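For clarity, every value in this text was computed on a predicted model and none was experimentally measured. Atoms within each ligand, like the ligands themselves, are counted from 1 in listed order.
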Amino acid sequence: MLTADHYSRLGLAGIYDKVLAGERLTLEDGARLFACPDVNAVGALAHHVRTRLTGDKAYYVLNRHVNYTNICVNGCLFCAFQKERAEQAGAFALSADEIVQKISDHGGMPFNEMHIVGGCHPALPLSFFEGVIRRVKGAFPAITVKAFTAVEIAHFAKLEGCTTLEVLTRLKEAGLRMMPGGGAEIFAPQVRERICPRKSDAQEWLRVHGEAHSLGLQTNCTMLFGHIESVEDRLDHLDRLRRQQDISGGFTCCIPLPFLTENSLLKLPVERLGEHTGLDRLKTIALCRLMLDNIPHIKAYWVMLGMKMAQAALYFGADDLDGTIVEEKIGHDAGAQSEQSMTIPGLHEMITRSGFTPVRRDAFYNPVNVNLTGADPAAVNCGADRKGGAA
Ligand code: SF4
């Protein structure tokens, strides 16, 4: 921890005192931290908070991502994953059989969580997704199904002609236990209007998460940063998440996602290209930890950050690296240079080399047995524990 004198010299003495006392930071405090050129000083405050919350633990999960379709009606400007029509080269929509089969294509790795997200397909009905979840849970009862962003939930409701609460209730009955945090992007309407005008707005996104929380479903939240948004937009976004959490309390983790420019139609003005540096990413992760005092975990998503920056982020407020993933399309279509998959020893090594203690967790951050072979009773072994037939 840097000294009080150092923060005093930076003009951050009041913020330093608040962080040490565990008091909530204001938006003005957040703006001053973003403006501080000493990234290490900001990071040290975030590290103090993450250490108070989770000690030297760094979490990871054995998970399997499945992207069921890239056909999407929304056409967000930043999205390199989406295809407009099924006839387009590279467009795909997995059948229920193929989705369930993906669980078996895990290279012998047992896992705890299945993360299912996709584009807003114009024709797939809610019954299709209920069926998928029932089949996954029937075949692998121990897997936690974490699926569908709030944007997808709102889309299902529109296609079905029912409310988002009804969609969530039906999916929960089918076996849904958790929702990922995608689709939040940046809540500020003037930014949303430019980068994702057809997508759920902030009110709808937050309402769906509040409804999920009211049903007992835990959810994650995200912030896509490093594009056309301002620092004020980032702080507004974090403030809205914090206020929603005060009301409904079901956010487990926040995942700050850096915008990857490579294959996106959203091109940044030349004068802004140099702004979104590695230091900006680390500072933003630190601000997430400092502002979101009511959300327990901050994730350094290695797919989007890259391995090295994810490791560094553990010193800037993050306490979770996500997991094995196995196959990932959205970030890699956007230009992520990271691997597709991580092994359990690989995750352990990333964490221990960074000076933290690896803790393997389930979807809800409960620790599960640590075993470098991956053979633990809490995880699903797709060979041994499989009950029914994935087609
Ligand atoms: S970000 Fe999601 S909603 Fe937007 S176009 Fe891509 S897949 Fe569709």
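For Leu305 against Ile285, the heavy-atom pair with the smallest separation is CD1-CD1, 3.9 Å.
Here the two rings, on Phe92 and Tyr68, have centers that are 6.0 Å apart or farther. Ring to ring, Phe356 and Tyr59 are not that close: their centroids are 6.0 angstrom or more apart.
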Salt bridge (charged side-chain N to carboxylate O under 4.0 Å, His left out), that's the test. Do Arg9 and Asp5 meet it? Break it down for me. CA-CA 6 Å; Arg9 278 196 295 278; Asp5 281 352; 5.0 Å; no
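For Glu211, the side chain to side chain donor-acceptor pair (under 3.5 Å) partners at least two apart in sequence or on another chain are Thr164, Arg207.
Within a radius of less than 2.8 Å around atom 4 (Fe) of ligand 1, the protein N, O or S atoms are Cys76 SG.
Side-chain contact between Gln101 and Leu94 is absent, with no heavy-atom pair separated by less than 4.5 Å.
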